[in-house]
Amino acid sequence: MTQEVDVLLDARGIGKRFGGVHALKDVSLTIRRGEIYGLIGPNGAGKTTFFNVLTGLYQRDSGEISFDGKPLTLESPHTVAAAGIARTFQNIRLFGNMTAMENVMVGRHVKTHAGVFGAMLRTKAERAEEAEIRRRAEELLHYVGVATHANSLAREMSYGDQRRLEIARALATEPKLLALDEPAAGMNATETASLRVLIEGLRADGLTVLLIEHDVKLVMGLCDRVAVLDYGQKIAEDIPSVVRSNPKVIEAYIGTATH
């Protein structure tokens with residue numbers, strides 16, 4: 001598989017079936033390092049299926065994925081996270097009875113090195129590592145703007161703040177690619193505008209972002225490039241202005257979404 005120096009993710013010919021249904025049919029796309037890449041399409045187009053294949057929740061039936069110059073094979077959520085891909089979910093999956101700080105620390109623990117015996121014996125190395133995890137978690141809570149809720153239970157936070165907390169937890173894994181699944185879902189206009197600023201800040205700090213989002217205005221105003229899926233196939237991929245005027249896209253998605 002040919003890799004270009006600026007390509008972070010290269011997916012080729014991805015296919016996924018559920019029984020007789022082709023959820024994805026020969027989907028190929030490339031995400032460049034440091035960009036915000038949007039993936040849109042009508043309901044049932046295959047966006048979430050692609051996300052789930054990429055992040056190891058589903059096993060693809062065909063195709064190849066290369067990430068950061070290396071093939072992704074036999075993926076599981078754990079190995080994908082270890083490779084440098086973190087995700088959020090359309091339906092928030094926080095630990096509601098844990099504090100915001102604890103939620104982020106859970107995400108950070110995938111980077112820990114102290115073994116079982118170190119954790120049991122509370123060795124000096126384990127204590128130092130735990131202190132560093134807490135320090136980084138606090139830093140990330142500040143970064144996403146919810147530091148004042150560090151000791152609040154996640155379930156007691158507002159919806160918009162829960163969305164930000166989930167992003168902080170994903171960032172705790174130190175990803176190279178952050179995959180956001182409908183991050184603006186359920187947000188009001190003020191929260192969405194604030195989310196846009198946060199995502200722009202992530203890109204400015206060097207992170208690559210993959211964004212699935214039904215808010216077409218947000219996607220077109222935020223993303224560097226956009227791909228459109230319809231019935232499991234990619235029908236367009238280009239800069240937002242070109243995608244917006246594509247007749248296939250207007251017919252399949254944007255036209256129906258704006259009337």
Side-chain angles (χ1 to χ4, degrees), residues 48 51-58 67-68 72 75-187 191 194-195 198-199 201-202 205-212:
T48 298
F51 240 50
N52 288 339
V53 167
L54 173 62
T55 56
L57 290 179
Y58 297 159
F67 181 72
D68 201 20
L72 280 179
E75 301 94 87
S76 68
H78 177 75
T79 58
V80 168
I85 301 175
R87 71 167 293 176
T88 63
F89 291 84
Q90 182 177 353
N91 298 314
I92 296 174
R93 297 190 183 183
L94 295 169
F95 298 105
N97 290 323
M98 295 173 64
T99 66
M101 174 70 76
E102 289 167 341
N103 268 274
V104 180
M105 290 178 70
V106 166
R108 187 67 180 172
H109 270 92
V110 301
K111 293 292 183 180
T112 60
H113 301 288
V116 174
F117 289 109
M120 290 174 60
L121 299 174
R122 296 291 293 172
T123 64
K124 181 178 180 180
E126 196 277 338
R127 292 196 303 272
E129 188 169 64
E130 192 73 11
E132 173 57 22
I133 290 170
R134 180 172 290 276
R135 183 201 65 78
R136 180 57 177 156
E138 183 176 3
E139 192 173 75
L140 288 170
L141 290 172
H142 277 283
Y143 186 88
V144 303
V146 295
T148 56
H149 300 294
N151 296 315
S152 300
L153 296 180
R155 60 180 170 80
E156 296 175 347
M157 296 170 64
S158 71
Y159 185 83
D161 284 343
Q162 287 184 30
R163 286 285 185 190
R164 288 174 168 271
L165 176 57
E166 194 173 36
I167 292 174
R169 186 176 64 183
L171 292 175
T173 68
E174 297 183 6
K176 298 171 184 174
L177 174 66
L178 177 62
L180 302 175
D181 190 356
E182 301 278 2
M187 286 188 172
E191 289 170 333
S194 181
L195 174 68
L198 174 58
I199 296 175
L202 291 170
D205 287 336
L207 189 63
T208 305
V209 178
L210 169 59
L211 175 67
I212 286 182

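Quick caveat, the model's predicted, so the values are computed rather than measured. Reckoned from all heavy atoms, side chains included, excluding hydrogens, waters and symmetry mates.
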Closest heavy-atom contact between [X] and [Y]?
| X | Y | value |
| --- | --- | --- |
| Glu132 | Arg135 | OE2-NH2, 2.7 Å |
| Ala170 | Thr88 | CB-CG2, 4.4 Å |
| Ala172 | Val104 | CB-O, 3.6 Å |
| Leu140 | Ala168 | CD1-O, 3.7 Å |
| Met101 | Ala137 | SD-CB, 3.5 Å |
| Ala154 | Asn103 | CB-ND2, 3.7 Å |

Does some side-chain heavy atom of [Y] sit less than 4.5 Å from a side-chain heavy atom of [X]?
| X | Y | result |
| --- | --- | --- |
| His149 | Asp161 | yes |
| Thr55 | Pro77 | no |
| Arg87 | Leu57 | yes |

Ignoring hydrogens and geometry, is there a side-chain-to-backbone donor-acceptor pair from Arg164 to Val144 under 3.5 Å?
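Judged by distance alone, yes, a pair lies under 3.5 Å.
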Hey, does the side chain of Glu166 reach the backbone of Leu94 with a donor-acceptor pair shorter than 3.5 angstrom?
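Here the side-chain-to-backbone pair does not exist.
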Measuring from [X]:[atom1] to [Y]:[atom2], what's the distance to the nearest 0.5 Å?
| X | Y | atom1 | atom2 | answer |
| --- | --- | --- | --- | --- |
| Ile85 | Phe67 | CD1 | CZ | 4.5 Å |
| Phe51 | Leu180 | CZ | CG | 6.5 Å |
| Glu139 | His142 | CD | NE2 | 9.0 Å |
| Leu177 | Leu210 | CG | CG | 6.0 Å |
| Thr208 | Asp68 | OG1 | CG | 9.5 Å |
| Leu165 | Ile92 | CG | CD1 | 9.0 Å |

Output, in order, the C-alpha distance, side-chain angles, deciding distance and verdict of side chain to side chain contact (heavy atoms under 4.5 Å, CB included) for Leu202 and Tyr143.
CA-CA 10 Å; Leu202 291 170; Tyr143 186 88; 3.4 Å; yes
For atom CD of Glu138, is the number of surrounding heavy atoms from other residues, nucleotides or ligands below 6.0 Å larger than 12?
no
Does atom CZ of Arg136 have more than 12 heavy-atom neighbours from other groups under 6.0 Å away?
yes
So Val80 and Leu54, side chain to side chain contact (heavy atoms under 4.5 Å, CB included) or not? Walk me through it.
CA-CA 8 Å; Val80 168; Leu54 173 62; 5.8 Å; no
Full working for side chain to side chain contact (heavy atoms under 4.5 Å, CB included) between Ile167 and Ile199:
CA-CA 10 Å; Ile167 292 174; Ile199 296 175; 5.5 Å; no
Between the side chains of Glu130 and Arg134, is the shortest nitrogen-to-carboxylate-oxygen separation below 4.0 Å, so that they form an ion pair?
no
